[in-house]
Amino acid sequence: MPVNQSAQNPPGVFSPSSRLITYEYPLNERIRTLLRLEDLFERSRHFIARSDPHDHHMALLTLFEILEVASRADLKSDLLQELERQKQVLLSFKNNPDISEDALSGVVKDIEQAAAALFAMTGKIGQYLRENDWLMSIKQRTGIPGGACEFDLPSYHYWLNRPAEERTGQLAAWTGPLYPLRDGTAIILRILRESGKPLAVKAPQGMFQQIGGKTAQMLRVRLAKDAPCVPEISANKYALNIRFLGQNGAHAAAHSAEDNKSRTADWDVDFELTFCNL
């Protein structure tokens, strides 16, 4: 008798050939900040590269968000300390026959360049932006819903109607001095992501729990893109709990967020779990 494929592979079953979506869950404030910076810099790159005034408006709003996230007093010193620590770890692998000397040298060089650029950042991060009264007047108004309308900020409306090349150049000039943060963050997150070994695991009836054992700074959960569920993660040094919440896809708008939250997946969810540590 033919096998019923839908019965054999219920929604959410993980297979290596599936296209996957990755969910990352930071387990401390430092990694949370780095992930936020990474997301903001990527968004900034996307909007600056475009030419429409609406895209450049979003680029400026993203710059203001970067400024807020990066204003944490110890961010620069944290990045420098972690880059130096990772450099020393890598140098300890020198002359190891199992390690490519060229690859090792390349990563060490990237770390040294990122650290040098960070060290060259003087004063409070983003102070040059705070000293720009025009930018700060826009920042203040954009905190109000609809506060950047042309009648509120005529000079900003004028700027948005300048040639795209002119706006792009100014956005790059305002954002560029913050790129050492972007580059240092990218190196540390790359090392963090590559530190763990993915494990194929199962969540019976949408629930997974692990008591004690592994410590981590970030968890990565990977699911098939067509799996109609998302992970809700809670973790501490004693236990890890992952609850997979069923999603309604195109019909999600017809249900309240609370309704969706209460629907734990009623099938066994196969997924990939990685514990990441620096």
Side-chain angles (χ1 to χ4, degrees), residues 22-48 59-92 107-133 135-136 138-140 142-143 171-196 214-220 233-238 240 274-278:
T22 302
Y23 299 89
E24 295 183 327
Y25 188 83
L27 296 176
N28 61 50
E29 188 60 33
R30 181 175 64 158
I31 302 303
R32 188 175 291 113
T33 297
L34 297 186
L35 287 172
R36 283 179 174 147
L37 282 175
E38 178 187 60
D39 180 70
L40 288 169
F41 276 116
E42 178 56 27
R43 195 191 309 168
S44 172
R45 181 202 61 78
H46 172 81
F47 286 122
I48 289 177
L60 199 56
L61 294 186
T62 303
L63 175 60
F64 295 151
E65 288 189 66
I66 291 172
L67 184 62
E68 289 298 318
V69 175
S71 63
R72 207 188 81 186
D74 55 351
L75 176 62
K76 176 183 167 183
S77 60
D78 270 1
L79 285 171
L80 283 169
Q81 288 174 15
E82 190 57 48
L83 287 170
E84 179 60 27
R85 193 172 75 84
Q86 293 302 324
K87 175 184 170 183
Q88 295 305 319
V89 170
L90 290 171
L91 288 176
S92 70
V107 177
V108 170
K109 183 178 179 182
D110 288 344
I111 289 176
E112 290 175 342
Q113 289 177 340
L118 273 168
F119 191 76
M121 294 178 73
T122 57
K124 188 176 180 181
I125 291 175
Q127 186 59 32
Y128 67 98
L129 295 173
R130 295 184 183 87
E131 292 172 354
N132 186 317
D133 292 338
L135 284 177
M136 290 302 99
I138 296 167
K139 183 177 183 294
Q140 185 178 23
T142 53
L171 285 167
W174 294 328
T175 309
L178 299 173
Y179 282 169
L181 296 175
R182 177 200 64 181
D183 297 340
T185 293
I187 290 172
I188 291 171
L189 288 178
R190 185 179 74 197
I191 293 172
L192 178 64
R193 287 177 176 125
E194 293 174 353
S195 68
K214 297 193 175 184
T215 58
Q217 290 174 292
M218 183 174 76
L219 300 176
R220 303 186 86 211
I233 301 171
S234 61
N236 55 41
K237 62 182 178 180
Y238 303 110
L240 164 65
T274 307
F275 294 87
C276 301
N277 258 315
L278 288 170

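Along the sequence shown, residues are numbered consecutively beginning with 1. Nothing here was measured: the structure is a model prediction, and the numbers come from that model.
Across all their heavy atoms, Ala172 and Pro177 have their closest contact at O-CD, 4.5 Å. Taking all atoms of both residues into account, the shortest heavy-atom contact from Ala70 to Ile125 is O-CD1, 3.6 Å. Across all their heavy atoms, Ala235 and Leu219 have their closest contact at CB-CD1, 4.5 Å. When all heavy atoms of Ser234 and Tyr25 are compared, the closest pair comes out as CA-OH, 4.3 Å. Of all the heavy atoms in Ile48 and Ala59, the pair that sits closest is CG1-CB, 3.8 Å. Heavy atoms only, all atoms of each residue included: Ser195 and Cys276 are closest at OG-CA, 3.5 Å.
For the atom pair Leu192 CG and Gln217 CD, the distance stands at 6.0 Å (nearest 0.5 Å). Atom OG1 of Thr33 and atom CG of Asp78 lie 9.0 Å apart (nearest 0.5 Å). One finds the OG1 atom of Thr185 at 7.0 Å from the CZ atom of Phe41 (value rounded to the nearest 0.5 Å). Atom CD1 of Ile138 is separated from atom CG of Asp133 by 11.0 Å, given to the nearest 0.5 angstrom. Atoms CG and CZ, on Leu135 and Arg130 in that order, are 12.0 Å from each other to the nearest 0.5 Å. Atom CG of residue Leu27 and atom CZ of residue Phe275 lie 9.0 Å apart, to the nearest 0.5 angstrom.
Within the 4.5 Å cutoff, the side chain of Ile191 has no heavy atoms near those of the Glu82 side chain. Looking at heavy atoms from C-beta onward, Glu38 lies out of side-chain contact with Leu34 at the 4.5 angstrom threshold. Side chains of Leu75 and Leu79 form a contact here, defined as non-hydrogen atoms less than 4.5 Å apart. Contact annotation: the side chain of Gln86 never approaches that of Ile187 to less than 4.5 Å [non-hydrogen atoms, C-beta and beyond]. Between Glu68 and Lys139, some side-chain heavy-atom pair lies under the 4.5 Å cut-off. Residues Trp174 and Asn132 are in side-chain contact: their nearest non-hydrogen atoms beyond the backbone lie under 4.5 Å apart. Side-chain atoms of Leu63 and Leu129, non-hydrogen and from C-beta on, do get closer than 4.5 Å to each other.
Panel note: side chain Lys87, backbone Ile111; no donor-acceptor pair is recorded below 3.5 Å. Panel note: side chain Asn28, backbone Ile31; a donor-acceptor pair is recorded below 3.5 Å.
Looking at Glu65 and Arg43, a side-chain N of the basic residue comes within less than 4.0 Å of a carboxylate O on the acidic one, giving a salt bridge. The pair Arg193-Glu24 meets the salt-bridge criterion, with a side-chain N (NZ, NE, NH1 or NH2) lying under 4.0 Å from an Asp/Glu carboxylate O.
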Working note: Glu112 + Val108, criterion side-chain contact (heavy atoms from CB on, under 4.5 Å); need CA distance, chi angles, decisive distance, verdict.
CA-CA 6 Å; Glu112 290 175 342; Val108 170; 3.8 Å; yes

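Counting non-hydrogen atoms of neighbouring residues, nucleotides and ligands closer than 6.0 angstrom, the CZ atom of Phe119 reaches no more than 12 such neighbours. In Gln140, the CD atom is not crowded: 12 or fewer heavy atoms of neighbouring residues, nucleotides or ligands sit closer than 6.0 Å.
Listed by first and then second residue, the salt bridge (charged side-chain N to carboxylate O under 4.0 Å, His left out) pairs that reach into residues 172-190 come to none, sequence neighbours excluded.
When the side chain to side chain contact (heavy atoms under 4.5 Å, CB included) test is applied to Gln113, the partners found at least two apart in sequence or on another chain are Lys109, Asp110.
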